[in-house]
Amino acid sequence: MENRRSAGDLILRLDELAAGLADPDCDLDHLAEIEEELVAARRRELIPYVEGHLAAAVEAGGWYARHVLARILAETAGRTSLAALLRAYSRNLGDDQDSLSTTLHVLAQEDPVAAREILLPCAVDNDEDLRRAAIWLLGFVPEPSDLNLLAHAAQDSDERIRSAAVGTLGSHGTEPAAIDLLLNLLDDPSPQVRISALSSLGFLQQPRTLRKIRLLANDDNPRVRAWVAIALGRFPGPEPANPATSAVLEQLAADADPYVRDQAVKARQLKPLRS
């Protein structure tokens, strides 16, 4: 009976917390006390109630409520909370979600097999937000079998999903099929997707990608041109002395855009350090 009463009391405290989080005039210190009490309790009986309040908070657009309730759920349910946390994370409420994104990839990596059982169906879900989030999180538990899924994601009509696919492709390292998909994404109509692909290819440092990276030095978007310089600057060894790369960086150092010029100068300054 005592345990049941304690659980009931905690549910009432959770209800009080949820109501307070929805009240802009509520005492934040008091809410923080309740939050810590619920985190410390780690009572699994609370899980469905926390999940319900979390979903309601996301639906109402409460980013701070999401932050607090997601923390309680993660501490209480551990990796079994992954599906509910992923759905909560998938909604853009205007905050950076750094703590929740960290929680998600830590939980996924604790049990990659179980995580992938959740993520793979979500990665092809009709909900675009959920699909994007699942594709992003697959990058922390990658398998070669994901490449077919990622090839489809790279052609998605939603540029956010294509951008997520770029990041996850980067987690496949130098796998030739992944590199080929990244090279194709350099032709994407979205500047942000092209930038993401340049960033990944710069980190992967595969010589066969250089020709296509250099071609984007003539891109219409100045941020893309700047990322050409950044990507080229990441290549090690004798590459910085390559005449074709040097010519492109010289071109970018004379670009009309000051940010492009700055990045080209920085990339050129790295050359002697790598020779």
Is the shortest heavy-atom distance from the side chain of L82 to the side chain of L85 under 4.5 Å?
-> no

Residue set satisfying side-chain contact (heavy atoms from CB on, under 4.5 Å) with V106, at least two apart, ordered chain then number -> T102, E110

In terms of heavy-atom contacts, L38 and T76 come closest through O-OG1, 4.4 Å

How about I195 and Q192: do any of their side-chain heavy atoms sit closer than 4.5 Å?
-> yes

Mind jotting down which residue pairs meet the side-chain hydrogen bond (donor to acceptor under 3.5 Å, both in side chains) criterion with at least one end in residues 84-94? Sequence neighbours excluded, please.
-> R91-D127

Hey, does the side chain of S101 reach the backbone of D98 with a donor-acceptor pair shorter than 3.5 angstrom?
-> yes

Please say whether more than 12 non-hydrogen atoms of neighbouring residues, nucleotides or ligands are located less than 6.0 Å from CZ in R208.
-> yes

Note: R225-D257 ion pair, threshold 4.0 Å (strictly below) = no

Going only through I, L, V, M, F, W and Y residues with side-chain contacts under 4.5 Å, is there a path from F203 to L210?
-> no

Sidechain-backbone polar pair: Q109 side chain, V141 backbone, donor-acceptor under 3.5 Å = no

L169 and S200, any side-chain heavy atoms less than 4.5 Å apart = no

Are there more than 12 heavy atoms of other residues, nucleotides or ligands under 6.0 Å from atom CZ of F140?
-> yes

Evaluate the side-chain proximity of S157 to R162: yes if any heavy-atom separation is below 4.5 Å, no if none is.
-> no

Please determine if R132 and D156 form a salt bridge, counting it only when a charged side-chain N lies under 4.0 Å from a carboxylate O.
-> no

I72 CD1 to L46 CG distance, which is reported to the nearest 0.5 Å = 8.5 Å

Quick one: which residue pairs count as a side-chain hydrogen bond (donor to acceptor under 3.5 Å, both in side chains) with a foot in residues 17-27, not counting sequence neighbours?
-> none

So, do I230 and L198 sit near enough that their side-chain heavy atoms are less than 4.5 Å apart?
-> no

Sub-4.5 Å side-chain heavy-atom contact between L149 and H152 = no

Q206 side chain to L204 backbone, donor-acceptor under 3.5 Å | yes

Tightest non-hydrogen contact, residues P191 and P189, listed as CD-O, 3.5 Å

Between L252 and A217 the two heavy atoms that sit nearest each other are CD2-O, 3.8 Å

Where L93 and G61 come nearest, the two heavy atoms and their spacing = CD2-CA, 3.8 Å

Positive for side-chain contact (heavy atoms from CB on, under 4.5 Å) with H172, one of L181, I179, L150 | L150

Closest heavy-atom contact between K212 and L183?
-> NZ-O, 3.2 Å

Rounding to 0.5 Å, atoms CG (L137) and CZ (R116) come to a distance of 10.5 Å

Would H67 and Q97 satisfy side-chain hydrogen bond (donor to acceptor under 3.5 Å, both in side chains), going step by step from the backbone distance to the final call?
-> CA-CA 8 Å; H67 167 77; Q97 297 202 79; over 6 Å; no

Between R194 and N221, is any pair of side-chain heavy atoms under 4.5 Å apart?
-> yes

Where is the tightest heavy-atom contact between A267 and L249, given as atom of each residue plus distance?
-> CB-CD2, 3.9 Å

Backbone of G78 reached by a side-chain donor or acceptor of S81 within 3.5 Å | yes

V166 and D188, any side-chain heavy atoms less than 4.5 Å apart | no

A84: partners by side-chain contact (heavy atoms from CB on, under 4.5 Å), with sequence neighbours left out | E51, L73

Pairing of R131 and D125 as salt bridge, 4.0 angstrom limit = no

How would you list, by chain and number, every residue that makes a side chain to side chain donor-acceptor pair (under 3.5 Å) with E75, sequence neighbours excluded?
-> R42

Please tabulate, for side-chain N and O atoms in residues 258-265, each donor-acceptor pair with protein atoms closer than 3.5 Å (sequence neighbours left out).
residue : atom : partner : partner atom : Å
R261    : NH1  : D255    : O            : 2.9
R261    : NH1  : A256    : O            : 3.1

Is the shortest side-chain N to carboxylate O distance from E35 to R13 below 4.0 Å?
-> no

Check for a donor-acceptor pair, side chain of S190 on one end and backbone N or O of E159 on the other, with a separation under 3.5 Å.
-> no

